[in-house]
K.L.:
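If you scroll down you'll find the structure; I have some questions about it.
Within every chain, numbering begins at 1; the chains are lettered A, B, ... in the order of the sequence lines, protein sequences first and strands thereafter.
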There are 2 protein chains.
Amino acid sequence: MNLETALQKLKEKGYKRTRQRERILEIFVKQDQYIAAKSILKEIQEDFPGVSYDTIYRNLYLLTDEEILEATELGGEKHFRLGCGTQGHHHHFICTDCGKTKSIEFCPMESINENLKGYDIENHKFEIYGKCPVCS
Amino acid sequence: MNLETALQKLKEKGYKRTRQRERILEIFVKQDQYIAAKSILKEIQEDFPGVSYDTIYRNLYLLTDEEILEATELGGEKHFRLGCGTQGHHHHFICTDCGKTKSIEFCPMESINENLKGYDIENHKFEIYGKCPVCS
DNA sequence: ATTTTATTCGTAATCATTATTATTTCGAGA
DNA sequence: TCTCGAAATAATAATGATTACGAATAAAAT
């Protein structure tokens, strides 16, 4: 996803186009990997010294809700990356060192055969963690 | 695993048998499911009103290191349960309303057949989200 | 330009977890 | 049984990530 597509998506939902929001998106467009809130804050502070965690988290969650970003948890911290909306449903291997990912086409929901009668399934998460070839 | 086996295991390693440690183990033996540190603390405080988080975490990690407990992360909190021998590795359906979980015996890692050569796999997560029968 | 409303800033609170230090308890050996 | 040193605990404070809040600001609608 590119910057303009993401901004367009926000505009359609009635969200305002702010400099901070733009800057956050830029970071994700540039770096195709999972990034921690802390790193986002640090990078944004170069342009907006007064930016607060409130702004960072509010936007990260907003963008995640709007399915522009995807979230996961690495080492006790939430990390975010640009969504893969166009590429169809898939999962990821995630490097716990650098945050880079590799797509996994296999989806466990296709193979699962458990008795979940009465359970209303809305979503699922399947992720493999470890070290990528570069980091291992 | 039963209480005596676990205590025996600790004794062999030279760890002392304390009332708190015993009580923590009892809880896990009685409830065969993942439990958060907070819940352990609450239950222990009925017998030992002054027990501190330090004691809880120190023992949970000790027991995990000694492979008596297993740890995982659910909803941003570390959870622990008795190690294999009773139930084995499994995953969860998690209700997004009430937070209750249901065990899923199926593990996608057994069925996956992707090319991950060069990737050092350390861990994985498979969770299904939705509404449990009570909440749906 | 004015108004409306979302968004941000600055700061404080919260929550889980970890660390510190003095005190207590366990249990091995006398 | 008693004593003693090591281990464990209690009480509390610190940390780090995340969330919350009121006042101020900025985007966009009229």
Side-chain angles (χ1 to χ4, degrees), chain A residues 3-4 6-27 34-66 68-69 71-80 96 99, chain B residues 4 6-27 34-66 68-69 71-80 99:
Chain A
L3 191 60
E4 285 311 318
L7 287 168
Q8 184 57 31
K9 230 176 171 178
L10 288 180
K11 191 171 189 177
E12 281 165 15
K13 290 292 187 80
Y15 296 110
K16 293 181 176 172
R17 172 169 181 157
T18 67
R19 298 149 172 281
Q20 294 87 338
R21 211 162 260 172
E22 229 173 291
R23 194 70 190 76
I24 288 174
L25 278 167
E26 274 174 22
I27 292 169
Y34 276 106
I35 311 174
K38 190 170 50 179
S39 307
I40 300 292
L41 179 76
K42 208 187 277 181
E43 187 146 354
I44 300 240
Q45 280 181 330
E46 290 172 14
D47 296 349
F48 306 91
V51 81
S52 75
Y53 264 119
D54 180 83
T55 299
I56 301 298
Y57 279 107
R58 192 167 15 78
N59 280 305
L60 290 179
Y61 288 137
L62 168 71
L63 293 168
T64 303
D65 285 347
E66 294 306 321
I68 291 166
L69 297 183
T72 193
E73 193 140 341
L74 295 178
E77 288 174 53
K78 291 198 181 78
H79 286 61
F80 301 82
T96 51
Chain B
E4 285 311 317
L7 288 168
Q8 184 57 32
K9 231 176 171 177
L10 287 180
K11 193 171 187 179
E12 280 164 16
K13 291 291 187 79
Y15 295 110
K16 292 183 177 169
R17 172 170 181 156
T18 67
R19 298 149 172 280
Q20 293 88 338
R21 213 162 258 170
E22 229 173 289
R23 194 72 190 77
I24 289 173
L25 279 168
E26 273 174 23
I27 292 169
Y34 278 110
I35 310 175
K38 191 169 49 178
S39 307
I40 300 291
L41 179 75
K42 208 186 279 181
E43 186 146 355
I44 299 240
Q45 279 181 330
E46 291 172 14
D47 295 349
F48 306 92
V51 80
S52 73
Y53 262 117
D54 179 83
T55 299
I56 302 299
Y57 279 108
R58 192 167 15 77
N59 281 306
L60 290 178
Y61 288 137
L62 168 70
L63 293 168
T64 304
D65 286 348
E66 294 305 323
I68 291 167
L69 297 183
T72 193
E73 194 142 338
L74 295 177
E77 287 175 53
K78 290 196 184 78
H79 286 62
F80 301 81

K.L.:
Under the rule for salt bridge (Lys or Arg N to Asp or Glu O under 4.0 Å), what residues qualify as partners of E73(B), not counting sequence neighbours?
P.N.:
none

K.L.:
Report the residues that fulfil side-chain hydrogen bond (donor to acceptor under 3.5 Å, both in side chains) with T18(B), sequence neighbours left out, ordered by chain and then residue number.
P.N.:
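Here no residue qualifies.
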
K.L.:
Quick check: do I44(A) and T55(A) have side-chain heavy atoms less than 4.5 Å from each other?
P.N.:
no

K.L.:
Who passes ring pair (Phe, Tyr, Trp, His ring centres under 6.0 Å) against F48(A), sequence neighbours left out?
P.N.:
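Applying ring pair (Phe, Tyr, Trp, His ring centres under 6.0 Å) to F48(A) gives none.
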
K.L.:
Nearest 0.5 Å please: distance from the CD atom of E66(B) over to the OG1 atom of T64(B).
P.N.:
10.0 Å

K.L.:
List for me each residue that meets side chain to side chain contact (heavy atoms under 4.5 Å, CB included) alongside K42(B), sequence neighbours excluded, and say none if there are none.
P.N.:
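K42(B): no side chain to side chain contact (heavy atoms under 4.5 Å, CB included) contacts found.
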
K.L.:
Which of residues 55-62 of chain A have a heavy atom under 4.0 Å from DNA chain D?
P.N.:
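Here the set is Y57(A), Y61(A).
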
K.L.:
Under the rule for salt bridge (Lys or Arg N to Asp or Glu O under 4.0 Å), what residues qualify as partners of E4(A), not counting sequence neighbours?
P.N.:
R17(A)

K.L.:
Between atom CG in D47(B) and atom P in dT9(D), what is the gap in whole Å?
P.N.:
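Taking atom P of dT9(D) as the reference, CG of D47(B) is at 14 Å.
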
K.L.:
In residues 39-46 of chain B, what residues come within less than 4.0 Å of DNA chain C, judged by heavy atoms?
P.N.:
none

K.L.:
Within this structure, what is the CG-CD distance for the pair L25(B) and Q20(B), rounded to the nearest 0.5 Å?
P.N.:
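Separation between the atoms: 12.0 Å.
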
K.L.:
In residues 8-27 of chain B, which ones come under 4.0 Å of DNA chain D, going by heavy atoms?
P.N.:
Y15(B), K16(B), T18(B), Q20(B), R21(B)

K.L.:
Using side-chain heavy atoms (C-beta onward) and a distance below 4.5 Å, is L10(A) in contact with K13(A)?
P.N.:
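L10(A) does not reach K13(A) side chain to side chain.
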
K.L.:
Excluding sequence neighbours, so at least two apart, what forms salt bridge (Lys or Arg N to Asp or Glu O under 4.0 Å) with D47(A)?
P.N.:
R23(A)

K.L.:
Enumerate all atom pairs, one protein N or O and one N or O from nucleotides 11-16 of chain D, separated by less than 3.5 Å.
P.N.:
| residue | atom | partner | partner atom | Å |
| --- | --- | --- | --- | --- |
| dA11(D) | OP2 | G50(B) | O | 3.0 |

K.L.:
Could you give the side-chain donor-acceptor pairs of residues 34-41 of chain B under 3.5 Å, partners two or more places apart or in another chain?
P.N.:
none

K.L.:
Under 4.5 Å between any side-chain heavy atoms of N59(B) and L62(B), yes or no?
P.N.:
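Yes, close enough: below the 4.5 Å cut-off.
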
K.L.:
Between P on dC15(C) and NZ on K78(B), what's the gap in Å once rounded to a whole number?
P.N.:
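My rounded result for the distance is 18 Å.
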
K.L.:
Of all residues at least two apart in sequence or in a different chain, which pass the ring pair (Phe, Tyr, Trp, His ring centres under 6.0 Å) check with Y53(B)?
P.N.:
Y57(B)

